[in-house]
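Only a predicted model underlies this, so the values are computations on that prediction, with no experimental measurement involved. Labels below follow one simple rule: chain letters A, B, ... track the order of the sequence lines, proteins then strands, and each chain is numbered from 1.
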There are 2 protein chains.
Amino acid sequence: MDTLTAINKFREHVELYVPMNDAEWQILSPLLEVSHLKKKKNFAEPGKVCTQIGLIVKGSVRYFNVKDGEEITGYFSFENELLSSYKSFLTGAPGLNYIQALEDTQIVALNYKAMQQAYAHELIGHKMERFGRLVAEHYLICYEDRVTSFLTQTPEERYNKLLETGGEVLQRIPQHYIANFLGITPVSLSRIRRRIMKISA
Amino acid sequence: MDTLTAINKFREHVELYVPMNDAEWQILSPLLEVSHLKKKKNFAEPGKVCTQIGLIVKGSVRYFNVKDGEEITGYFSFENELLSSYKSFLTGAPGLNYIQALEDTQIVALNYKAMQQAYAHELIGHKMERFGRLVAEHYLICYEDRVTSFLTQTPEERYNKLLETGGEVLQRIPQHYIANFLGITPVSLSRIRRRIMKISA
DNA sequence: CATTTTTCTTATCTTTTGTTAACGTTTTGA
DNA sequence: TCAAAACGTTAACAAAAGATAAGAAAAATG
């Protein structure tokens with residue numbers, strides 16, 4: 001995808017949250033950086049500060065932690081979704097997880113400094129703060145739902161819910177990553193799948 | 001606590017995130033509502049829209065869901081912490097959980113309309129948006145950590161970590177609530193505690 | 001296109017958790 | 001103050017999940 005098209009995707013994404021006129025866009029757009037991430041390359045790594053928040057305009061990524069030498073996948077992001085190692089980006093502390101491209105991926109990003117510039121800008125600052133707030137609120141709600149699912153649902157219930165709602169993830173992602181995402185082992189997910197098969201058959 | 005002292009606590013809380021001068025405070029403070037919640041009374045209930053976000057100036061609350069007639073406690077909030085059924089407050093959709101006073105509790109709150117007024121205000125809007133953003137980011141990080149703990153740690157590890165860091169919760173909260181918070185049953189937590197006792201003894 | 005590598009399932013065994021119930025203790029509230 | 005409710009622990013059993021290993025199928029890679 002060419003750079004202009006990519007950058008315009010960022011504008012579309014912002015406009016999901018706040019309206020943005022051309023004058024405002026002229027201020028924001030020069031702050032953006034377009035980058036490419038080859039499959040298996042990392043957007044973020046443990047021990048390093050994540051300096052960017054980005055929009056995936058093409059491709060997909062996987063979030064994972066490494067514990068006792070094992071990868072534990074926690075999340076995925078696809079086209080038209082934001083990505084960042086949020087805690088690291090927001091606090092400036094080193095991150096704890098990898099964000100790795102599942103396929104060749106194109107990203108339009110703001111670095112931390114540019115983001116702060118945008119927030120502080122006399123013309124677009126108020127609007128950008130609102131954008132930042134609405135984005136944070138959106139992900140807050142996602143996380144709230146996820147925590148609730150861990151507290152109130154069994155792994156099997158979580159998987160069934162994912163079957164209903166999780167379109168893209170289920171098609172494009174290996175099962176053992178999904179198992180991690182659900183908080184269980186791949187072997188356990190395989191057993192759950194067999195239980196469900198038997199019931200519905 | 002008298003109303004003025006309570007309201008000033010709200011100002012102190014805002015100033016943890018953004019500076020606020022007297023003129024700005026004169027605009028914000030009239031939007032606040034002070035309320036009291038007797039022990040066991042609900043701040044939020046499933047099926048009802050949570051219309052307020054509040055600061056606990058005295059007391060504490062418990063968040064819980066009811067599944068199959070059983071209460072599952074997901075979180076606690078204490079003095080000088082914000083409370084809301086965020087998803088409901090932010091989206092206007094009916095909430096899914098109870099927020100209930102653990103003791104007689106005093107709350108300084110903004111209702112949704114007042115919050116939107118503050119965000120849109122020509123003088124304090126930018127600052128309030130930033131406050132809202134920083135608060136959402138703060139809780140986003142809390143939730144991110146919590147999800148990670150479910151994915152990468154065993155219940156026993158989660159409990160050990162809570163023992164290290166969870167000061168107030170451990171002193172003031174019954175164990176079966178803590179078990180729920182950790183995603184396990186009270187019986188299971190009791191067994192974990194015995195295992196830990198044996199090792200450290 | 002051949003060969004690694006990855007992915008998924010299955011089996012076995014162990015460990016942990018859930019469930020239910022009982023018991024003594026503490027707290028609550030009428 | 002006294003009865004009822006709530007709380008924490010323990011036991012016994014069932015159900016589920018983790019660990020490990022093996023094997024077949026599918027996909028990736030040179």
**OP:** Using a heavy-atom cut-off of under 4.0 Å over every strand shown, decide if A:Pro186 touches base, sugar-phosphate, or nothing.
**Re:** nothing
**OP:** Take the angle between the ring planes of A:Phe131 and A:Tyr17 and call it parallel below 30°, perpendicular above 60°, tilted in between.
**Re:** perpendicular
**OP:** Look at B:His176 and D:dG8 and indicate whether a side-chain polar atom (N or O) is within less than 4.0 Å of OP1 or OP2.
**Re:** yes
**OP:** Using whole Å, report how far CD of B:Glu157 lies from C1' of C:dT16.
**Re:** 13 Å
Original post:
So is A:Arg133 actually on top of B:Tyr119's ring, under 6.0 Å and inside 45° of the axis?
Top reply: yes
Original post:
Nearest-Å distance, CD1 (A:Ile173) to P (D:dA26)?
Top reply: 20 Å
**OP:** Remember a base hit wins even if backbone is also touched, and classify B:Ser190 as base, sugar-phosphate or nothing at under 4.0 Å, heavy atoms.
**Re:** base
**OP:** Could you tell me the separation between the OG1 atom of A:Thr105 and the CD atom of A:Glu79, rounded to the nearest 0.5 Å?
**Re:** 8.5 Å
**OP:** Give a yes-or-no answer on whether the side chains of A:Tyr159 and A:Arg193 include a donor-acceptor pair shorter than 3.5 Å.
**Re:** yes
**OP:** Hey, which sits more toward the 5' end of DNA chain D by its nearest nucleotide, A:Ser188 or B:Arg191?
**Re:** B:Arg191
Original post:
Between D:dT9, C:dC8, D:dA17, which nucleotide gets closest to the side-chain atoms of A:Pro155?
Top reply: D:dA17
**OP:** Would you indicate what A:Ile184 reaches in the nucleic acid, counting non-hydrogen atoms under 4.0 angstrom: base, sugar-phosphate, or nothing?
**Re:** sugar-phosphate
Subject >> Protein-to-nucleotide contact annotation, 5' to 3' order, nucleotides 21-30 of chain C [B base; S sugar-phosphate only; - none; under 4.0 Å, heavy atom] >> reply: ----------
**OP:** Would you please confirm or rule out a distance under 4.0 Å between OP1 or OP2 of C:dA11 and any side-chain N or O of A:Arg194?
**Re:** yes
Original post:
Of all the choices, C:dT7, C:dC8, D:dC7, which nucleotide is nearest to the side chain of B:Tyr177 once you look at every atom?
Top reply: D:dC7
**OP:** On the 0 to 90° scale, with breaks at 30° and 60°, tag the A:Tyr75-A:Tyr63 ring pair as parallel, tilted or perpendicular.
**Re:** perpendicular
Original post:
Do B:Val66 and B:Pro46 come within less than 4.5 Å of each other through their side chains, counting heavy atoms only?
Top reply: no
Subject >> Interatomic distance where CD1 belongs to B:Ile196 and C1' belongs to D:dG8 [whole Å] >> reply: 15 Å
Original post:
What's the CG-C1' distance between A:Leu189 and C:dT9, to the nearest Å?
Top reply: 11 Å
Original post:
Quick one: A:Arg158 CZ to D:dA16 C1', roughly how many Å, whole number?
Top reply: 13 Å
Subject >> Dot-bracket summary - DNA chain D, pairs being Watson-Crick or G-U whose distances fall under 3.5 Å, with | when paired to another strand >> reply: ||||||||||||||||||||||||||||||
Subject >> Spacing between B:Gln153 atom CD and D:dG18 atom P, to the nearest angstrom >> reply: 15 Å
Subject >> Length of the line joining A:Leu102:CG and C:dT7:P, which is rounded to integer Å >> reply: 10 Å
Original post:
Would you call the rings of A:Tyr98 and A:Phe64 parallel, tilted or perpendicular if under 30° counts as parallel and over 60° as perpendicular?
Top reply: parallel
Subject >> Whole-Å gap separating C1' (D:dA17) and CG (A:Leu182) >> reply: 14 Å
**OP:** Establish, yes or no, whether the cationic atom of A:Arg62 lies under 6.0 Å from the six-membered ring centre of A:Tyr177 and within 45° of the ring axis.
**Re:** yes
**OP:** Consider the side chain of A:Thr185, meaning its heavy atoms from C-beta on, and name the nucleotide among D:dT10, D:dC7, D:dA19 that approaches it most closely.
**Re:** D:dA19
Subject >> N/O (side chain, B:Arg193) to phosphate O (OP1/OP2, D:dC7) under 4.0 Å >> reply: no
Original post:
Does a side-chain N-to-carboxylate-O contact under 4.0 Å join B:Lys38 and B:Asp104?
Top reply: yes
Subject >> Pair A:Gln100, A:Asn42: side-chain N/O donor-acceptor within cut-off below 3.5 Å >> reply: yes
